Amino acid sequence: MDEQTLVAGLTRPQLHELFYGMALARAAEERLETQARQGLVRGNLYRSLGQEACSVGVAYPLRRRGDGIGDVLAPTVRDAGAVFLMGATPLEYFRQFLSRATSPSRGRESGLGFTDLRRGLLGPIGSVGAMLEVMAGVTLAFRMKGEDRVGVVLCGDGSTSTGAWHEGLNLAAARRCPMVVAVIANAWAFSTPTSKQTRIGSFTERAPGYGVHAESADGNDVIAVLEATRRAVERARAGEGVTLLELRTYRRVGHAQHDALEYVPAAELEEWERKDPILQFLARMLAEDWSTGGELAALVHRAELEVKDAADLAVTEGEPEGVTALEAVYSDVELRAPWTRLALPDPRRS
Amino acid sequence: MDEQTLVAGLTRPQLHELFYGMALARAAEERLETQARQGLVRGNLYRSLGQEACSVGVAYPLRRRGDGIGDVLAPTVRDAGAVFLMGATPLEYFRQFLSRATSPSRGRESGLGFTDLRRGLLGPIGSVGAMLEVMAGVTLAFRMKGEDRVGVVLCGDGSTSTGAWHEGLNLAAARRCPMVVAVIANAWAFSTPTSKQTRIGSFTERAPGYGVHAESADGNDVIAVLEATRRAVERARAGEGVTLLELRTYRRVGHAQHDALEYVPAAELEEWERKDPILQFLARMLAEDWSTGGELAALVHRAELEVKDAADLAVTEGEPEGVTALEAVYSDVELRAPWTRLALPDPRRS
Amino acid sequence: MPRTKPEHVTGSERGEPVTFLEAIGEGLFEEMERDPSVFLLGEDIGVYGGAFKLTRGFLDFFGEERVIDTPISEAGFTGAAAGAAHMGLRPVVEMQYMDFISPAYDIITNYVATSRYRGSGPLPMVIRGPVGGGNRGGPFHSQNVEMAFFHTPGLKIVYPSTPYDAKGLIKASIRDEDPVIFEEHKGLYRAPFLRETLPREDFVVPLGKARTAREGKDVTIVTYGLMVHRSLEAAGVVQQEDGIQVEVVDLRTLLPLDDEAIVASVRKTGKILVVHEDTRTGGIAGEIAMRVNERAFEWLDAPILRVTAIDAPVPYSGVMEDYFLPQVTDIVTALRYLANY
Amino acid sequence: MPRTKPEHVTGSERGEPVTFLEAIGEGLFEEMERDPSVFLLGEDIGVYGGAFKLTRGFLDFFGEERVIDTPISEAGFTGAAAGAAHMGLRPVVEMQYMDFISPAYDIITNYVATSRYRGSGPLPMVIRGPVGGGNRGGPFHSQNVEMAFFHTPGLKIVYPSTPYDAKGLIKASIRDEDPVIFEEHKGLYRAPFLRETLPREDFVVPLGKARTAREGKDVTIVTYGLMVHRSLEAAGVVQQEDGIQVEVVDLRTLLPLDDEAIVASVRKTGKILVVHEDTRTGGIAGEIAMRVNERAFEWLDAPILRVTAIDAPVPYSGVMEDYFLPQVTDIVTALRYLANY
Ligand SMILES: Cc1ncc(C[n+]2csc(CCOP(=O)(O)OP(=O)(O)O)c2C)c(N)n1
Ligand SMILES: Cc1ncc(C[n+]2csc(CCOP(=O)(O)OP(=O)(O)O)c2C)c(N)n1
Ligand SMILES: [Mg+2]
Ligand SMILES: [Mg+2]
């Protein structure tokens with residue numbers, strides 16, 4: 001029975017995996033918010049509340065292998081769900097935010113800003129849009145090497161206004177690279193509504209200007225996101241070039257924890273709360289008899305446990321030594337510690 | 001009879017003006033090439049041979065006033081015809097290329113790279129695409145001040161791949177600025193064919209992605225260019241925002257004088273020679289009885305004379321003093337001459 | 001007018017001490033009131049009031065045309081500011097974090113900085129925003145940007161350290177005829193110890209003039225921004241513990257650099273330490289060293305030395321960031337070393 | 001293979017002296033032959049062979065996948081180079097003129113330079129292109145770009161002055177595990193006096209090592225690029241006319257800077273002049289001055305001085321550009337001044 005496909009070619013265990021992916025992201029972010037309130041985590045936290053289906057639905061259909069020869073994904077700073085699916089663990093996640101010595105970036109970057117090429121994860125930098133440029137090159141390399149791998153970039157509606165977004169997309173399109181660009185159209189870029197970002201109603205309208213495919217999907221429906229992404233990935237793998245996906249969703253929390261969402265109409269928030277991607281999927285799973293309340297509750301519980309164990313362990317670990325800040329700037333140039341922290345120099349003639 | 005409109009609402013003298021505008025650009029550039037061969041002019045010369053109708057047709061319908069309150073135009077380095085129409089003289093043109101002390105930029109920049117706000121001319125910088133950003137702000141200012149002025153940017157097909165092009169256009173579109181972007185689609189960006197620049201067949205396909213109007217015109221037909229521009233300018237003046245114009249034409253000479261066009265099929269060149277915008281317009285003027293061979297020949301002759309007089313005068317003038325390189329970097333900071341060219345310092349205690 | 005002024009820009013009017021952030025807010029607000037050609041553009045500066053709430057309430061007061069929420073297009077809106085300046089306006093651009101000035105590097109260095117030189121006449125515009133580390137912001141929300149632009153003729157760079165200077169300098173920058181990059185250290189924005197009562201009346205602090213933040217005869221520190229306060233703290237320590245009298249010169253404007261002030265102090269003390277938060281190689285200490293060599297070499301009784309961040313991206317970990325940044329103890333060590341030299 | 005090598009990259013093979021441009025062409029070509037992961041991208045480098053024809057014939061030889069004509073998207077293709085490097089390739093990006101590296105400033109300083117630090121492993125890539133003035137190119141085709149990047153940890157910057165070094169350094173840069181910015185002075189490309197016979201066999205010149213271009217005991221010049229030759233000329237003049245023995249240190253790599261070489265020479269001569277073609281304020285002379293202060297102050301018998309371009313955009317007029325640029329006579333004057341100090 002587990003092998004039977006129920007929807008979108010997915011089996012029961014796979015549907016559970018999707019559900020678990022979203023539940024895990026939500027649980028991890030909630031735990032993180034608690035830690036931030038406790039003063040354990042500093043810096044900005046960007047949540048994916050309400051848009052977990054985008055992260056999970058986009059990552060799921062990729063070749064996720066962990067051995068450096070699968071597909072490559074560049075998440076935004078909000079895409080915990082995608083990063084977990086690509087193979088990063090909640091433990092790594094908390095280590096990142098808690099800047100542990102054991103974290104993937106060894107304390108150098110926060111949150112999802114780490115790169116793990118074996119898992120096909122390219123961590124974003126601050127400048128939004130930039131990852132389209134980088135991914136254009138990743139997928140150019142796939143073409144040059146004759147590999148049938150695909151690269152997927154997640155990006156926000158706001159990022160589409162950057163020159164980087166344009167240059168990266170146009171370059172990949174011009175060279176028919178196997179790249180998928182998924183715009184998470186969550187209505188806001190920080191406090192800026194999409195209507196101030198651009199005059200267009202849908203980001204699919206950008207596609208003709210690059211000569212690429214486009215598709216729009218309900219970003220709160222994980223199956224819809226997955227199916228649209230799968231089609232895009234298949235086209236890319238078949239040599240049909242770039243696809244621009246628009247995932248319509250809503251950012252239901254502040255841009256980061258300090259943003260109280262004062263600029264958002266309450267009714268709009270309520271409307272989108274009703275469309276919560278996890279609850280919606282849960283309801284559908286039950287309605288279609290793909291799962292039982294007990295099973296799904298157990299998954300949520302497991303996610304919470306996994307997150308708690310990870311968070312609890314990460315908290316006990318130590319931060320890196322300060323002096324490690326000197327490492328890994330270059331492959332072969334050693335930085336010196338500041339002279340004021342060493343035996344003092346004697347610059348006199350000796 | 002001179003007041004009767006013959007085509008596109010233009011009178012005979014106006015049609016002659018258009019013809020003269022193109023003839024003047026061609027004559028000036030040809031003279032310049034001669035000067036370059038004589039070693040009088042150094043640096044790159046970018047010709048508009050074959051695309052004069054674009055420069056002239058775009059500039060003509062603007063409010064060209066010379067008093068600082070008309071429309072504003074940003075030419076490419078190839079748009080001599082537009083710059084003359086806005087009011088710059090051939091004398092200034094030659095002074096620019098010959099880097100005379102009397103030149104508009106006082107020897108600091110070559111060719112069309114000078115700004116003259118009274119005439120509504122914004123000189124381009126090296127980076128193509130950048131002028132869309134600047135013009136977005138010029139036209140934003142028009143809106144803010146409630147002025148019914150319009151800003152027009154000329155740009156090349158190659159420039160459309162830059163982030164600047166995207167950011168400038170999107171910003172102006174989002175704020176419904178009275179801006180017109182005219183893409184001179186001349187088949188080449190240096191040696192790069194449009195097919196390598198982008199996968200799209202027409203730059204009008206970019207318009208939906210910005211929510212702006214678009215129109216494509218035969219860039220070798222000065223009347224067609226003029227009419228399309230006029231419509232765009234009227235829309236802008238009426239508060240209907242940005243228009244993207246595509247002017248289809250062909251760059252019939254090398255990118256600059258050192259480029260021997262080896263990469264261009266001879267047949268293609270011949271084809272476009274037959275569509276020469278000046279000869280085509282001349283033929284039409286005669287066929288439609290808008291002018292006579294004698295009149296048009298006289299205009300060509302006058303253009304050549306005007307150019308010759310200007311060039312001859314400019315050649316006799318002097319270059320700026322070297323020391324003027326120190327001027328006008330700041331409004332209120334004086335640069336010092338290099339210490340090695342002054343009385344030598346005595347840094348000893350005194 | 002029924003519009004009310006946002007409270008955080010009325011402190012000085014009410015005779016109350018203001019923070020560094022409020023002082024800048026006041027400066028912006030006053031210039032906008034005084035001159036209708038001044039306007040703001042940047043990301044989230046309108047409804048939200050800016051990531052640091054510096055322009056909170058400005059939108060309601062001045063309206064949508066003068067407080068413009070832009071798309072995420074740093075190059076686009078910086079270029080647009082230049083265009084608007086050509087048309088007689090005086091734009092003030094906010095970078096949400098100054099780190100994001102990078103996409104505008106081309107338009108700033110090639111267009112904005114060269115505009116006057118190429119014959120356009122004045123190009124008054126200000127690009128301002130938060131800079132600096134110490135906030136666990138990681139590599140992309142902690143940068144200092146002065147050295148990206150210090151080498152570009154045509155630009156001015158301002159980096160204040162006190163509310164008084166911040167207000168006076170932002171006002172002077174807006175009135176200046178040249179493009180100005182204005183850096184505001186996040187660590188100063190709300191620092192309680194900096195609260196200061198400012199004059200009620202209009203004042204400016206002229207660009208290009210340093211300030212002696214502390215007088216002394218033994219060693220000169222040349223510094224700016226947050227490091228002025230670290231330096232003053234260190235100066236206090238060595239005064240008390242070693243009797244070393246340190247003079248602290250706060251540059252305030254980095255470009256053009258106030259040679260006179262630097263040279264005068266070095267001629268007095270014979271010893272100079274440059275302190276900057278920015279990374280080491282290619283930092284401003286170098287230019288200062290050259291100027292001192294050119295004009296005060298014979299007065300030097302010790303090498304020109306510097307205390308700076310290390311040559312790395314800004315790490316996110318607090319422990320690492322503390323290691324990365326110059327600390328008071330580093331300055332103390334350097335001062336003692338120089339005093340004993 | 002029926003494909004024939006472009007003639008301009010076979011000079012050394014044929015034992016003939018080669019120009020600076022040919023030397024770089026040979027270096028690129030050899031590395032592409034040697035390592036299939038090396039590939040080129042940039043504007044007009046394929047069919048046309050690059051604005052300076054440096055990669056003429058490469059497309060025919062190596063094919064479309066390894067010699068890529070890009071859209072006009074400096075940021076895009078530089079970012080793409082980084083992406084390709086992640087996937088194990090070794091991209092070499094050509095900027096048509098290095099002035100056009102500016103739109104890529106964000107991706108270079110924020111992505112490329114920090115990639116290793118953020119944990120990606122090596123990011124081998126080279127960004128190369130023509131720099132420098134003297135060609136009547138005006139403000140946007142004449143820039144030197146080293147100081148835009150010198151302040152960015154994680155990058156290396158190379159700026160050769162001879163065919164031998166250019167070839168050895170481009171090869172070493174391509175093999176390097178870190179991102180390298182490689183500047184090629186247009187004034188050297190075809191300079192006949194530079195023609196040089198190079199070894200037939202494979203060689204590299206290591207990054208980070210300066211070269212003594214002339215030995216002397218009275219004054220040290222530290223310089224690089226075209227200015228090495230101006231400096232040598234000036235050294236010849238003062239040797240002949242004044243008997244001053246000048247040592248000329250050619251940095252070759254600017255970042256990381258070869259302190260050892262600089263310090264060693266200064267300790268020998270006690271006097272140092274930095275000569276750079278780039279503009280003055282914020283130029284590399286500053287960093288050199290700091291390093292000398294830190295490590296050789298006690299050996300200094302005179303102030304550290306510099307000869308540079310003036311602080312302005314590069315003017316188009318030949319007369320003005322000559323004024324703008326540092327000239328041999330400036331160096332001669334400075335050398336005499338220092339020798340007599
Ligand atoms: C180039 C650039 N400018 C400014 C910022 C500051 N910033 C961080 S996130 C953000 C909003 C991004 O909006 P969007 O792309 O829609 O992503 P979302 O936050 O909705 O996931 C801004 C303006 C940035 N990261 N990069
Ligand atoms: C940002 C940038 N990169 C590279 C160049 C070098 N360059 C000068 S003109 C040109 C081609 C421009 O093509 P297009 O925009 O089609 O204009 P056209 O020459 O056809 O008029 C290039 C690549 C430049 N000017 N700006
Ligand atoms: Mg968004
Ligand atoms: Mg073109």
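Just so you know, these numbers come straight off a predicted model, no measurement behind them. Hydrogens, waters and symmetry mates are skipped; everything else that's a heavy atom, side chains included, is used. Letters A, B, ... mirror the listed sequences (proteins, then strands); counts begin at 1.
Looking at heavy atoms from C-beta onward, Val307(D) lies in side-chain contact with Thr340(B) at the 4.5 angstrom threshold. With a 4.5 Å cut-off on side-chain heavy atoms, Leu326(B) and Tyr323(D) count as touching. Under the 4.5 Å side-chain criterion, counting only non-hydrogen atoms from C-beta, Pro71(D) is not in contact with Thr162(B). The closest side-chain heavy-atom distance from Tyr316(D) to Ser105(B) is not below 4.5 Å. Between Phe140(D) and Ser127(B) there is no side-chain heavy-atom pair separated by less than 4.5 Å.
Only the side chain of Pro313(D) comes within contact range of chain B, with at least one heavy atom under 4.5 Å from a heavy atom of that chain. Within the 4.5 angstrom heavy-atom criterion, no atom of Thr308(D) approaches chain B. Of the two parts of Ile331(D), neither the backbone nor the side chain holds a non-hydrogen atom closer than 4.5 Å to a non-hydrogen atom of chain B. Using a 4.5 Å cut-off between heavy atoms, Ile45(D) does not touch chain B at all. Looking at Val314(D), only its backbone comes within 4.5 Å of chain B, counting heavy atoms on both sides. The contact between Gln96(D) and chain B is made entirely by side chain atoms (from C-beta outward), counting heavy-atom distances below 4.5 Å. Only the backbone of Gln96(B) comes within contact range of chain D, with heavy atoms under 4.5 Å apart. Heavy-atom distances place the backbone of Arg306(D), and not its side chain, under 4.5 Å from chain B. For chain D, the nearby parts of His258(B) are the backbone and the side chain; heavy atoms of each come within less than 4.5 Å. Only the backbone of Ser159(B) comes within contact range of chain D, with heavy atoms under 4.5 Å apart. For Ala309(D), no part lies under 4.5 angstrom from a heavy atom of chain B. Looking at Asp99(D), neither its backbone nor its side chain comes within 4.5 Å of chain B, counting heavy atoms on both sides. Of the two parts of Ala337(B), the backbone and the side chain both hold a non-hydrogen atom closer than 4.5 Å to a non-hydrogen atom of chain D. Of the two parts of Ile125(B), the backbone and the side chain both hold a non-hydrogen atom closer than 4.5 Å to a non-hydrogen atom of chain D. For Trp339(B), the part lying under 4.5 angstrom from a heavy atom of chain D is the side chain only. Contact of Arg106(B) with chain D is made through the backbone alone, with heavy-atom distances under 4.5 Å. Of the two parts of Ala334(D), the backbone and the side chain both hold a non-hydrogen atom closer than 4.5 Å to a non-hydrogen atom of chain B. Residue contact with chain D, scored on non-hydrogen atoms closer than 4.5 Å, involves the backbone and the side chain of Val323(B) alike.
To the nearest 0.5 angstrom, Glu321(B) atom CD is 10.0 Å from Ser317(D) atom OG. To the nearest 0.5 Å, the span separating CD on Gln197(B) from CD on Glu43(D) amounts to 8.0 Å. Note that OG of Ser191(B) and OH of Tyr48(D) are 7.5 Å apart. Values are rounded to the nearest 0.5 Å. With rounding to the nearest 0.5 angstrom, the CE atom of Met320(D) is 7.5 Å from the CD atom of Glu327(B).
With Arg341(B) as reference, Asp330(D) is the one residue of Asp330(D), Thr329(D), Thr333(D) to meet the side chain to side chain contact (heavy atoms under 4.5 Å, CB included) rule.
Checking Thr192(B) against Asp44(D) by side-chain atom types alone, a donor-acceptor pair falls below 3.5 Å.
Taking all atoms of both residues into account, the shortest heavy-atom contact from Lys196(B) to Val47(D) is NZ-CG2, 4.4 Å. Considering all non-hydrogen atoms of both residues, Ser73(D) and Ser161(B) come closest at OG-O, 3.0 Å. Nearest heavy-atom pair across Ala312(D) and Leu335(B) is CB-CD1, 4.4 Å. Nearest heavy-atom pair, Arg108(B) versus Pro139(D), reported as atom, atom and distance to 0.1 Å: O-CD, 3.5 Å. Of all heavy-atom pairs spanning Ala189(B) and Ile72(D), the tightest one is CB-CD1, 4.1 Å.
Per-residue counts of heavy-atom pairs under 4.5 Å with chain D were compared for Ala328(B), Gly158(B), Ala164(B); the largest is that of Gly158(B). Residue with the most contacts toward chain D among Ser110(B), Ala256(B), Pro320(B): Ser110(B) (heavy-atom pairs, distance under 4.5 Å). Most heavy-atom pairs under 4.5 Å with chain D: of the set Asp259(B), Thr194(B), Thr160(B), Leu98(B), this distinction falls to Asp259(B).
For CD of Glu7(D), the number of neighbouring non-hydrogen atoms (other residues, nucleotides, ligands) closer than 6.0 Å is 12 at most. More than 12 heavy-atom neighbours from other residues, nucleotides or ligands sit within 6.0 angstrom of CD on Gln38(B). Taking a 6.0 Å sphere around CZ of Arg336(B), one finds it holds 12 or fewer heavy atoms contributed by other residues, nucleotides or ligands.
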